[in-house]
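Okay, structure first, notes after.
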Amino acid sequence: ERSLVVDDHGLAAPVHVDAIDAELADRVEEGIARAALSMGAGQVSPDPRGADPCGFCPVLACERRR
């Protein structure tokens, strides 16, 4: 089976699915599952990351706002 991935130049490149790091995929899936369960339980806390994480956030009184 073949899939597409983005290469170092930002271009889509074909790759065999069995060449994808299965351990990395498992860790990503586990992280998403934990986040979804936490959000489903109502545990949603701010965690701003990146260059401008608060730029589009409507919560102006957030204690973590930058």
**Message:** Is there a side-chain contact between Leu60 and Arg65 in this structure, where contact means two heavy atoms from C-beta onward sitting under 4.5 Å apart?
**Reply:** yes

**Request:** Compare every heavy atom of Cys54 with every heavy atom of Arg64, then report the nearest pair and how far apart it is.
**Result:** O-SG, 4.3 Å

**Message:** If hydrophobic residues (ILVMFWY) are linked whenever their side-chain heavy atoms come closer than 4.5 Å, directly or via other members, who joins Met39 in its cluster?
**Reply:** Val44

